[in-house]
2 protein chains.
Amino acid sequence: MKAGRAFRSNRATRPHPVLPGSEDMPARERAYHDLRYRILTGRLAPGTTLLETELAALLSLSRTPVREAAIKLAEEGLVNIRARHGITVCDLSLCDVAEVLDVFSALEIRAVALVARRGLSHGEHNHLSGLLDRMERYTANGNIVRWSDLDDDFHSSMVSLCGNARLQRTLGEYWGQQFRARMLILPLRPVPHQSDKEHREILAAVHARDEEAARHAHERHRARADAQQLALLKNHLPPGDSTDSQEDMR
Amino acid sequence: MKAGRAFRSNRATRPHPVLPGSEDMPARERAYHDLRYRILTGRLAPGTTLLETELAALLSLSRTPVREAAIKLAEEGLVNIRARHGITVCDLSLCDVAEVLDVFSALEIRAVALVARRGLSHGEHNHLSGLLDRMERYTANGNIVRWSDLDDDFHSSMVSLCGNARLQRTLGEYWGQQFRARMLILPLRPVPHQSDKEHREILAAVHARDEEAARHAHERHRARADAQQLALLKNHLPPGDSTDSQEDMR
DNA sequence: GCCAATCCTTATGTATACGTTATCTGCCTT
DNA sequence: AAGGCAGATAACGTATACATAAGGATTGGC
């Protein structure tokens with residue numbers, strides 16, 4: 001069924017932490033990926049405001065594809081479009097991150113439950129288990145940056161096996177916002193012994209096809225990890241009463 | 001069809017089962033709402049294919065706003081855009097509905113848990129309780145159509161109290177697809193005594209601010225109701241291996 | 001008679017032009 | 001001096017024009 005390709009299709013949930021190389025895609029997608037990349041890597045800092053015309057000039061395109069890209073980024077919560085005031089890169093408030101994590105975790109928990117229901121092939125289990133091996137080595141070395149990369153890979157790989165394309169797609173839409181928050185606290189993160197332990201529990205439950213156990217394991221993992229992340233952010237972010245999300249407000 | 005305007009911001013989760021009256025909104029939004037309305041009410045039947053130009057003519061607009069509306073509808077899973085082949089109204093396969101319900105219920109369960117955490121004001125509880133009263137009367141009368149309207153109202157009203165704007169927004173994006181499935185099985189639906197009972201349990205748990213109980217009550221409700229819905233649809237829909245969703249496939 | 005290649009048609013993607021409206025500024029009035 | 005109104009500027013929303021490429025059809029060759 002799903003043997004070979006299986007993972008790797010993290011693209012669905014993990015759309016471009018790096019820019020693949022400005023391939024030959026339609027201009028609208030180039031604009032979208034380019035801007036997204038610049039925002040996620042901080043090269044377009046939160047608060048930066050640009051007009052459609054300026055963005056178009058920046059990307060050497062006309063307003064039409066840039067506009068469509070901006071709309072998509074706004075729907076993902078990365079920028080805020082205010083008519084006649086330009087397109088502003090959202091700065092994440094604590095409140096925003098809490099909202100994002102709430103949605104993200106609810107969906108991810110469901111995804112893990114689905115994977116448990118469907119079961120893992122031998123290769124899939126090996127891949128995930130291998131990721132955890134490497135993460136544990138990084139934990140031992142105290143290399144949080146590399147660990148974090150693999151953590152994301154583990155979560156994304158798991159989700160990519162859930163078999164629900166819509167679920168993957170929506171998780172992908174939230175991935176960017178979650179990624180930004182994750183990057184912010186990266187240097188503050190304690191050594192993730194507890195996460196390593198929880199990941200093993202999750203994988204074991206999924207491998208055993210115990211849907212209930214998998215759901216609970218992942219639920220606990222996300223609840224704890226999200227709470228920790230919010231606690232770390234609390235000292236480094238404005239509380240923000242749902243900052244410049246996108247809707248109304250004026 | 002839709003009775004008494006509900007009360008307030010159901011708009012977030014319940015975007016336009018009826019057309020508000022072609023208000024003076026930007027053309028792009030008019031196009032979006034108009035097309036969405038036509039699809040949800042079946043006036044644009046599944047399988048219908050129109051070119052951008054034809055849609056533009058249909059709505060007396062130029063291609064630009066129609067195109068943006070079509071993209072948004074495609075992201076919601078209501079139409080499928082195939083370059084040079086036109087914009088096709090998706091027909092829901094059983095597989096699609098299963099995916100939608102999976103995402104929808106995961107999010108709704110989380111929303112109900114949030115409402116339980118935050119608690120209900122006196123007025124809010126009264127409103128929800130009043131809805132259940134009226135639903136139970138319709139159940140007694142066997143008026144499934146009216147009951148279904150209020151059921152939607154109950155779920156949407158509950159969600160609108162969760163306090164997480166992103167959660168509401170994403171639920172709203174899935175609402176259309178879920179609505180179409182709901183309409184399909186409306187005439188097949190048995191008298192919903194069980195749902196009425198479960199709704200009372202959910203409201204009681206939320207009112208008692210018992211987050212765990214609320215989550216479990218809603219989880220059971222959705223699991224049972226979704227399974228029933230899928231069972232009813234099974235005889236009336238093609239199984240469909242993820243029909244014309246939108247990605248790849250050419 | 002069937003298959004393939006080329007040409008034509010046309011839908012889309014992108015660029016640009018145009019009109020409307022909002023914001024900002026400056027001046028006038030109170 | 002302060003506030004309001006009016007006018008100008010320009011950004012956005014929409015319309016349209018243009019170029020590219022894909023699909024289909026027709027014709028010719030095997």
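We name chains A, B, ... by the order of the sequence lines, and we start the count at 1 in each one. What you are looking at is a predicted structure, and each value in this text was computed from that prediction instead of being measured.
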- Message: If we check salt bridge (charged side-chain N to carboxylate O under 4.0 Å, His left out) with A:Glu76, which of these qualifies: A:Arg180, A:Arg36, A:Arg169?
- Response: A:Arg36

- Which of these, B:Arg84, B:Arg82, B:Arg63, sits in a salt bridge (charged side-chain N to carboxylate O under 4.0 Å, His left out) with B:Glu52? B:Arg63

Considering non-hydrogen atoms only, spot the tightest contact between [X] and [Y] and give its length.
X	Y	result
A:Cys90	A:Pro46	O-CB, 3.7 Å
B:Ala31	B:Pro65	CB-O, 4.4 Å
A:Val89	A:Ala45	CB-O, 3.5 Å

- Heavy-atom protein contacts under 4.0 Å, nucleotides 11-17 of chain D, coded B base, S sugar-phosphate only, - none: BBBBBBB

